[in-house]
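Below is one structure, written out as structure tokens; the observations come after it.
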Amino acid sequence: MIYHKTPSRTELIAVIVALLGTWLLVTKGQLTQLSISGAALGLGLCLGFSGALNTLIPGKLFQKYDTLVIVAWAMLIGGVLFNVIHPFWVDAPPMNMPTIISVLFIAIFGTALANLCFLGSLNYITPTTAGLLNTFEPLAATIGTVLFLKTSFNHWEVIGGLLVISTVFILSFGNRRGISKK
């Protein structure tokens, strides 16, 4: 479903706050230089573009098919295409029980259920709201690198993370009736 309306004032404020928070996360407060590589920036922009497409393209499909069917076909097609680029058996890690459990956990919880929930949410909220809530991904990636890779986390990144989190409150307070499609 494509909505031909300008974003509300609340949505515009939330977008600005989310962008500022994300900017602080990727610059570590040094606003003139990125603290990520050019490749990471390029991949991030590609992922942002594909995320926007992910919220807009399946609108008419949702009217005809169940979300589970759409996610299943998308994962099957994506998996087949990815295997053309990089077959899963090339440079594969040793197949032991911890590896199999890890791969299954990521495939089921980190990919299938995450996409199912995200795309299913488009039946209840606008793509703009879903996209804004999706700004939690860079925050989660930053927290993950701090916890698991032992990287540093400065006060600007904390402020950026809080700004990203605040978009949820901005959206919820801006729409007193709750987050819903209009």
Side-chain angles (χ1 to χ4, degrees), residues 1-65 67 70-71 74 78 110-147 151-182:
M1 287 171 235
I2 296 177
Y3 298 93
H4 298 282
K5 70 175 188 88
T6 58
S8 68
R9 184 181 326 156
T10 302
E11 290 171 336
L12 283 174
I13 291 169
V15 166
I16 291 167
V17 170
L19 287 173
L20 180 60
T22 303
W23 185 256
L24 288 173
L25 285 170
V26 299
T27 62
K28 296 188 179 223
Q30 298 178 344
L31 301 180
T32 58
Q33 67 184 38
L34 293 174
S35 63
I36 59 174
S37 68
L41 176 63
L43 286 172
L45 291 173
C46 287
L47 287 171
F49 180 70
S50 66
L53 291 177
N54 192 34
T55 61
L56 297 175
I57 289 176
K60 289 190 178 185
L61 290 174
F62 288 136
Q63 295 172 356
K64 191 171 182 179
Y65 303 104
T67 306
I70 296 169
V71 170
T111 306
L113 288 178
N115 277 309
L116 188 61
C117 291
F118 179 76
L119 291 176
S121 75
L122 295 175
N123 291 320
Y124 305 102
I125 60 176
T126 65
T128 304
T129 303
L132 283 169
L133 294 175
N134 203 24
T135 58
F136 277 98
E137 190 278 329
L139 175 62
T142 302
I143 292 171
T145 58
V146 169
L147 294 176
T151 60
S152 62
F153 198 66
N154 70 25
H155 64 281
W156 290 110
E157 291 169 296
V158 172
I159 293 170
L162 291 173
L163 287 173
V164 169
I165 291 171
S166 73
T167 60
V168 173
F169 299 106
I170 292 169
L171 289 170
S172 65
F173 289 131
N175 186 0
R176 299 265 185 239
R177 292 171 288 158
I179 300 174
S180 62
K181 287 187 175 184
K182 292 195 174 193

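Basis for what follows: all heavy atoms, side chains included, without hydrogens, waters or symmetry-related copies. One-based numbering along the sequence shown.
Judged as a side chain to side chain contact (heavy atoms under 4.5 Å, CB included), and not counting sequence neighbours, Leu43 has no contacts. Annotation: side chain to side chain contact (heavy atoms under 4.5 Å, CB included) contacts of Val15 (sequence neighbours excluded): Leu19, Leu132. Applying the side chain to side chain contact (heavy atoms under 4.5 Å, CB included) test to Ser37 and every residue at least two apart in sequence or in another chain returns Ala39, Ala40.
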Evaluate side chain to side chain contact (heavy atoms under 4.5 Å, CB included) for Trp23 paired with Leu34, printing each intermediate quantity in order.
CA-CA 9 Å; Trp23 185 256; Leu34 293 174; 4.1 Å; yes
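The distance from atom CG of Leu12 to atom CD1 of Ile170, rounded to the nearest 0.5 Å, is 11.5 Å. Distance check, rounded to the nearest 0.5 Å: CD1 of Ile13 to OG1 of Thr167 gives 12.5 Å. Rounding to the nearest 0.5 angstrom, the gap separating the CG atom in Leu20 from the CD1 atom in Ile159 is 9.5 Å.
In terms of modelled atom types and a separation under 3.5 Å, the side chain of Ser35 and the main chain of Val26 share a donor-acceptor contact. The backbone N or O of Asn154 lies less than 3.5 Å from a partner atom in the side chain of Glu157, making a donor-acceptor pair.
Contact of the Phe49 side chain with the Leu45 side chain is not registered, since no non-hydrogen atoms from C-beta on lie closer than 4.5 Å.
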